[in-house]
Amino acid sequence: MSSPPTSDDDGGSRPDSDASSGSGSDSDPESRSLLPETRWQRDVILIFAMLFGIYALFALIGVALDFDTNGILNVLREITLFAAVYAMLVLALNLHWGYTGLFNIGVAGFMAVGVYTMAILTASPDATAPGFGLPLWVGIVGGMVMSALVGLVAALPALRLRADYLAIVTLGLSEIIRLTFQSMQFSNALEDTLGVATNGGSGMNFPGTRGVVQYAFYRGGDRTSEPTVLGDALFGLAESFDVLPLVVLGWGYNVVLGIGVIAFYVLLVRIANSPFGRVLKAIREDELVADSLGKNTNLFKIKVFMLGCALMGLAGILWQGQTGYTSPHEFRPELTFYVFIALIIGGAGSNTGSVIGGLVFGTLLFQGPLYVPRLLQEGLAVAGVELGTPPNTFYDAVLPLGSLDLLPMLAYATASTNVSYLRFVLLGVVLILVVQRRPEGLLGHRVETAAAVDLSNRSRSTATDGGNPESTSPVDEHDQESTGGHSARTADDGHGLSAVRDDRDSSATNGGHDE
Amino acid sequence: MSEQAAGSATETGDRTTTGDESTVVDSPPPLRVTDLEKHFGGITAVDGVSFDVHEGTLTGLIGPNGAGKSTAFDCITGVYTPDAGTVEFNGEDITGLEPFEICNRGLVRTFQIARELEKMTVLENLMLAPAGQRGESLWQSVTPIARRGVAAEERELRERVWETLEFFEIDHLAASYAGTLSGGQRKLLELSRALMTDPDVVLLDEPLAGVNPSLEKKLLERIHDLREEGYTFLLVEHDMDVIMTHCERVIVMHQGRKLAEGTPAEITSNERVIDAYLGGEV
Amino acid sequence: MCMSAIDTLGRGNTFVRTHPSLSLVFLVGFALGVDLVHGLYTGRIPLENVSRLFWNGLLVGLILGLAGIGLSMTYSILNFANFSHGDLITVGAFSGWSVTYLLAGAGVTEFGTRLLIDANLNVTVLGDPVAVVAGLVLASILTILIALVVDRLVYRPMRDSSGISLLIASIGVALVLRHLVAFVYRAHTRGVTGSERVDILPVLEGTGDVSVNTATLMIVAVALMIGVHLLVQRTKLGTAMRAMADNQDLALITGIPTERVVTWTWILGAGLTGAAGFLIVLERGTLDFNIGWGLLLLIFAAVILGGIGSIYGAIGGGLVIGLTQSLSTIWIPSDFATPAAFSLMILVLLFRPSGLFSGVTTA
Amino acid sequence: MALLEVSGLDAGYGDLQILEDVDLEVDEDEYVAIVGPNGAGKSTVMKSVFGLATYMGGRIAFDGEEIGELRPEAIIHRGLGYVPQDDNVFPSLSVEENLEMGAYILPEVPGDRLREVYDRFPILEARKTQTAGNLSGGQRQMLAMGRALMLDPALLMLDEPSAGLAPDLVEELFDRIDAVNDAGTAILMVEQNASEALRRCDRGYVLVQGRNRYVDTGESLLENEQVRQDFLGG
C-alpha cells in the first residue's frame with residue numbers, strides 16, 4: 001500500500017501505516033514513532049539501502065583494483081548512471097506491462113524517437129548533422145511529445161491485439177524506427193526538405209542535457225570559462241580531496257538523473273495509487289470486466305501508451321544527453337529486453353520493485369561482470385599466478401584443458417569482448433530462472449492497493465451508521481489477514497530479500513499471492 | 001449518473017426508484033428486447049427473441065443448456081453486437097453500444113463464471129466500479145491540488161464500499177486478493193461490485209452456480225432486499241427451485257427462441273416447458 | 001482469458017469486414033501493380049532490374065519460408081512465439097559450416113581454424129559436395145540437439161505457463177544461444193564461401209547469374225518443403241501434430257501422447273531451421289553471430305502473413321515478405337526495404353490477424 | 001466386479017467443489033445414463049475420470065485397477081473411450097484422419113475397426129476426405145463417437161451427445177448409441193435430454209447438486225414424480 005511520497009494528497013488523515021488496522025498497534029501509536037511510518041517510507045529506505053550497499057560493493061572493487069579516489073568515484077558515477085537510466089525505463093515500462101498488461105517490446109524505438117527528435121531540435125545548424133538549434137527545453141518537450149505521438153500510433157493496434165501480436169507489432173515498429181534513423185537516405189531527405197540531418201549510421205551530436213550541469217557549474221556553460229559560484233565551491237571542496245573537476249561534473253549529471261528517477265517514481269506511484277491506476281489494473285486483469293463496469297478501456301489504454309512512451313523518450317534523452325551523441329546502434333531491440341529483464345527481476349506491477357530492478361540490473365548485472373576480469377587478474381596475482389595473454393581463439397583456449405590447464409580458458413573468458421558475451425549469457429540465464437522460479441520478481445508479490453487513500457481505514461463514525469457493531473469488522477479483518485499473511489509467508493520462504501520479507505511481516509494487508 | 005457515483009455514503013440504503021407507483025402504464029419498461037438475433041457462423045444462437053423486463057421486478061430467464069440465454073445476455077450488454085433486433089433501455093435504443101456505454105446508462109451485468117479481478121483486492125474490485133470518478137482522469141490523479149479532491153472522493157467511496165461489503169457480509173475479506181476467494185464469495189463480490197456502479201437494472205448470469213446452500217440463501221435475501229429498494233433484476237439461472245420461488249416473471253428460452261413467458265405457476269404447468277426440460281420434442 | 005481473446009478476435013473480424021482500411025491496402029497494392037506493368041511497358045522500369053529483384057526476393061523468401069516452418073510449428077503446437085528461433089538459425093549455420101570446413105579443408109589448414117570457420121576456404125557445392133552435404137545434415141542434427149536440450153531445461157518445466165511467460169523465457173534463451181556462439185566463434189563477420197561465385201550453371205545462362213550455391217539452396221529448400229509437406233500430411237505423426245495444433249486437450253483425451261509429439265515438433269522444426277541456417281550462408285557467403293537474430297522479425301513476418309500454424313502459410317508468407325522487401329525498392333529507397341516488409345506484417349496483424357492465407361489460428 | 005467403479009468421489013475445479021461423495025458403477029455391456037438438472041455436476045464425473053477436473057477424494061477404478069494417476073493415453077489403452085461435449089473433433093483434420101487419431105497408440109490403423117466404424121456411421125465414409133470443421137453438429141458427434149470406438153473400448157463415455165442437435169437428429173443419434181451398446185460396448189452417458197436417455201438406458205443415476213439422488217432403472221426413474229420435480233424445481 002505504498003502511497004505517494006508527498007504528503008499533500010491525503011491531508012492530515014494519512015492512514016497509510018498498514019499495521020494500523022491490525023489490533024494492538026492503534027492502542028500504542030507512540031511506540032511505533034521511531035520505525036518507518038508507511039510503506040513508501042520503508043520502500044525509500046529499502047531503495048537507498050540497496051543503493052549504498054551496491055556503492056560499497058563497487059567501492060571495494062575499486063579498492064581491490066588499486067583505483068584512486070577519482071577512479072572509484074568514476075566507477076560509482078558510471079554505475080549510478082546505468083542504475084538511474086534503467087530505473088526510469090523500467091518505471092515507464094511498468095506502467096505499460098506491470099500495470100496495464102500491455103506487452104510493449106518496442107521500448108528502444110520509442111526512446112530513439114525521443115532522443116532523435118530532441119537532437120534534431122537542439123543540434124546547432126552548423127554541425128555535421130545540422131539541427132534547428134532550438135533551446136534545450138524545447139528539445140526535451142518536443143522529444144517527449146513526439147514519443148507520445150508515435151506511442152499513439154502504436155496504441156491503436158494495442159486496442160485489440162493479443163499480447164503476443166502486440167509484442168511483435170511493437171518490436172516491428174521499433175525496428176522500423178531504428179532502420180529509419182540508420183538510413184542515410186532518410187538523413188539526406190531530411191536535409192533536402194527541412195535542412196536538418198541525422199547522419200544515418202554514424203550518429204549525430206547534439207547539446208545534450210549535460211549542458212544543464214555545465215551551465216550550473218561554469219559561466220556560459222562552457223568548460224573553458226570561469227566556474228560559477230556553485231561550481232567554484234564544489235570544485236574547491238573536491239580539490240581538497242584531490243577530486244578532479246571532471247568527476248564533479250559527472251556527479252553533477254547524476255544529480256540530474258536522480259531528480260529524473262524521483263520524478264518518475266513520484267508520478268508513477270501517484271498514478272498507481274489512484275482511480276486511474278485502478279482502472280489500468282482492471283484492464284490488465286480482465287478487460288471485459290473493466291469494460292462491463294463502465295470504463296472506456298480503449299481510452300485508458302491510449303492514454304497509458306502515450307504517457308509511457310513519452311517517459312521512455314525522456315529517459316532516453318537523459319541517458320544519451322549525458323554524452324551529447326547518439327546513434328541508431330544504441331537502440332537495438334536488446335535494449336528493450338534489458339529493460340524487461342530489469343522489470344521482471346524487480347517485479348512487474350510494483351513501482352518500488354521497478355526502481356530496485358533497474359538498480360540491480362544496471363549495476364550488478366550490467367556493469368558488474370565487466371569488473372570480473374580485472375578482479376580475477378588481481379586475485380590470481382596475489383596467489384602468484386600470471387593469467388597471461390588470452391589465446392586468440394576458443395579452440396586455442398580449449399586445447400590446454402586437455403592437459404588440465406585452466407588458465408588459458410580463464411584468460412580467454414575474461415578477455416574484454418568475451419566477458420561481455422558471457423555477461424549476456426548470464427542475463428539470459430537470470431531471465432529464464434526468474435521466469436521459471438519466481439515470476440513475480442523481488443517485489444511483484446506485494447499487495448499494492450490502487451487507491452488514493454488507505455481503503456482499510458474507514459472512519460469509525462460511519463461504521464456505526466452502517467448498523468454493524470463497530471468492533472467486529474476490524475477484528476474479522478485482522479484474523480483474515482493474519483492467516484493470509486501466514487500462508488503467503490510459508491509459500492515464500494527462502495526467496496527474496498530479507499528486507500522484503502520484513503516488510504511483509506509488518507504489512508497487514510496481504511491476501512496471499514499468485515505463484 | 002456520474003456525479004451520483006461520488007454521492008452519499010448511504011446511497012445503497014435509501015435508494016428507491018422514482019415513481020414506482022406513479023409510473024404511467026404505457027411508459028417503456030426499463031429493458032425491452034425486440035426480435036433479437038445472433039448467429040455464429042452457421043449456428044443461430046439467438047433466434048428472434050423478444051421480452052420486456054418490468055421495473056422493480058425479479059425476472060428469471062431459464063432454459064436448457066444451449067438455449068441461448070448467455071448469448072442473449074451478451075447481446076444485451078454489448079459484448080456481442082446482435083445481428084438483428086433491438087435492445088432498448090429506459091426508452092433509449094442501446095443496440096450495438098460498447099459495454100461501458102451500456103453500463104454507464106445504468107444497465108450492469110455479472111458473469112456466469114465469476115470474473116473477479118484476481119490480483120486486485122476485494123476493496124479495489126469494488127472501488128473500481130463507481131462511474132465517473134474524478135481520479136479516473138490522469139491529470140487529476142497526479143497534480144497536487146486536484147489530487148486532494150480525488151482523495152476526498154476516494155474517502156467517500158470507501159465508506160460506500162465498506163457498507164456494501166457489510167451488506168453482503170464479505171467485509172472480512174476486504175483486504176484479500178479477489179483471486180483467493182471461494183467460488184461463492186466471488187459471486188457475492190461480483191454482485192456487490194455490479195451494484196457499486198449504481199445501476200437501474202442488474203443482469204445476473206447464473207449468480208448461484210457453485211454457491212453453497214447457506215450462501216445461496218444469503219445471496220437471494222440480498223437480491224430481494226435490493227429489489228425492495230427498487231432495483232430491477234434479470235436473472236439467468238438453471239436452478240429451477242430458485243426461479244420458481246423467487247421470480248415474479250419467468251421467460252423460458254429453448255433453442256434460441258422464446259418458448260414461454262409467464263408467472264412461475266404458469267411456467268410449471270406449461271407442458272411445452274416440461275418437455276423442453278426433460279428433452280422431449282417441443 | 002481465453003474467452004476474452006476470442007471475443008477480441010471476434011470483434012476484430014467484424015471490424016475487418018466493416019473497416020475500409022483493408023480495402024485501401026489492397027487498392028495500394030493494385031495501384032503498385034498497375035504502375036509496375038505500366039513502367040515495364042514504357043521502359044521506365046527496366047525489366048532486367050525487376051527480374052533481378054524478383055529473383056533475389058524469391059531466394060530470400062525461400063529461406064524465410066524454410067526457417068518459418070519451424071517457428072510456425074512451435075507457435076501453434078507449443079502455443080508461444082519463440083524469440084530464440086532466430087538464434088537456432090545461427091546455431092545451425094555455425095555448427096554446419098564448422099563441419100563443412102573440417103571436411104573441406106582437411107590437410108590444408110589447421111584443425112582449429114577450420115573448426116571455427118576462420119580458414120579462408122572457398123567452399124562451393126561443386127568443389128566439395130561431400131563436405132557441403134555433411135555440413136547440411138550435421139547443421140540439422142546439432143540444431144535439433146540444442147533445441148531438445150533447451151526444451152528440456154527451459155520450456156518443459158513451464159509447459160503449463162502462459163504463452164507470454166514462455167515468450168519471455170525464449171528471449172532469455174535467445175540471449176544465451178547467441179552469445180555462446182559469439183563466445184566460441186568471436187564476433188567478426190567471416191567470408192565463408194568466398195567472394196567469387198564461379199560456378200555459374202551453364203543451363204541457366206541468360207536468365208541472370210545463377211550460381212550452383214544458389215541453385216543448391218533452391219533445390220534443397222524446395223525438397224525439404226516437399227518433405228515436410230509429405231510428413232505432415234501423410235504420416236500419423238504429422239496428423240497428430242496438426243491435431244495438437246487444433247486442440248491440445250482433445251489430443252490428450254484422444255490418446256495422442258502429446259509430450260512425444262512436442263519432442264517431434266522440436267526435432268522437425270529445429271532440423272529445418274538448422275538447415276535453413278546452413279543454406280543462408282551458402283547464399284550470402286558470409287557469417288556472423290547476429291545472422292539469425294537479424295532474420296527473426298522477418299521470419300515472424302512471414303509466419304504471421306501466412307497464418308500461424310500453417311506450413312504452407314509460412315512458405316507463402318516467406319515468399320511474400322522476400323518479394324516485398326526486394327521489389328519495394330522499385331518505388332522506395334533501398335534503406336526502407338526491410339521497414340516495408342515489417343510494415344506489411346504490422347498491417348496484416350492489424351487487419352487480418354489470421355494471416356493472408358487464413359491458416360489455423362491458435363490462441 | 002463392475003467395469004467402472006466410482007466411489008465416494010469428491011471433485012471440482014480449482015477450489016470450487018462440485019461433486020460430493022458420488023458413487024457410480026457401470027457393469028460390462030451395461031447402458032448407464034446420468035441425468036440431472038443443469039449444473040448438477042454431471043460432466044464433472046466424466047472429467048474426473050480423465051483427470052480433467054480437480055480430484056478431491058474418493059476412488060475411481062476401471063477393470064479393477066485404480067486409474068487416478070494414469071495419463072489419459074494409458075486410460076484409453078485400457079479400454080475406456082471418451083467423447084467430450086464440445087469441440088470434440090479436430091476441425092482441420094479430415095474425417096478419416098480424425099478417426100485415425102483415435103487409434104494413435106496402435107502401431108497400425110486397424111483396418112477392420114475403421115471398416116466397422118464406417119459401417120456404423122455411413123455418413124462418415126461418405127465424407128471421409130472432408131475436413132471435420134465442415135461437418136454439421138450431428139455428424140461431428142458421430143465422428144467423435146467413431147473416433148472413440150477406433151480402439152474398440154469396453155466402455156464408452158458420452159458427455160451430452162444430443163446437446164444442440166435438432167430433435168430428429170437426436171433420435172437417430174440415440175439409435176446409434178443403442179446399436180453400439182448392443183454390439184457389446186458398455187455406455188456411460190451424461191445427458192440433459194433426460195426422457196430420451198432414461199427411456200433407453202438400463203440404469204440411470206439422477207445427480208442433483210453434485211450428489212447422487214436416485215439410482216434405478218431408467219423406466220422407473222422416468223415415472224418417478226420426484227425426479228420430475230427435481231428437474232423443474234419445487
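Chain naming here is simple, since letters A, B, ... match the order of the sequence lines and numbering starts at 1 in each. What you are looking at is a predicted structure, and each value in this text was computed from that prediction instead of being measured.
Atom CG in Leu93(D) sits 13.0 Å away from atom CE in Met241(C) (nearest 0.5 Å). Residue Met101(D) holds its CE atom at 4.5 Å from OG1 of Thr239(C), rounded to the nearest 0.5 Å.
Counting heavy-atom pairs closer than 4.5 Å to chain C, the top-ranked of the candidates Asn88(D), Ile105(D), Val109(D), Asn98(D) is Asn88(D).
Between Asp87(D) and Leu250(C) the shortest heavy-atom distance is O-CD2, 3.5 Å. The two residues Gly255(C) and Glu73(D) make their nearest non-hydrogen contact at O-CB, 3.6 Å. Scanning all heavy atoms of the two residues, the minimum distance from Arg71(D) to Thr258(C) falls at NH2-OG1, 3.6 Å.
Residue contact with chain C, scored on non-hydrogen atoms closer than 4.5 Å, involves the side chain of Leu52(D) exclusively. Residue contact with chain C, scored on non-hydrogen atoms closer than 4.5 Å, is absent for Leu80(D). For a residue to count as touching a neighbouring chain, one of its non-hydrogen atoms must lie under 4.5 Å from one of that chain's; by this rule Val89(D) touches chain C with the backbone only.
Environment of CD in Glu108(D): sparse, with no more than 12 heavy atoms of neighbouring residues, nucleotides or ligands closer than 6.0 Å. Within a 6.0 Å sphere centred on CZ of Arg156(C), other residues, nucleotides and ligands contribute more than 12 heavy atoms. More than 12 heavy atoms of other shown residues, nucleotides or ligands fall within 6.0 angstrom of atom CZ in Arg115(D). Heavy-atom neighbours of His77(D) NE2 from other residues, nucleotides or ligands within 6.0 Å: at or below the threshold of 12.
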(request) Quick one: do Glu97(D) and Arg242(C) satisfy salt bridge (charged side-chain N to carboxylate O under 4.0 Å, His left out)? Show the steps, please. (result) CA-CA 10 Å; Glu97(D) 285 171 336; Arg242(C) 285 183 288 135; 2.6 Å; yes
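The residue from Phe90(D), Tyr104(D), Tyr82(D) that alone fulfils the side-chain contact (heavy atoms from CB on, under 4.5 Å) condition with Thr254(C) is Phe90(D).
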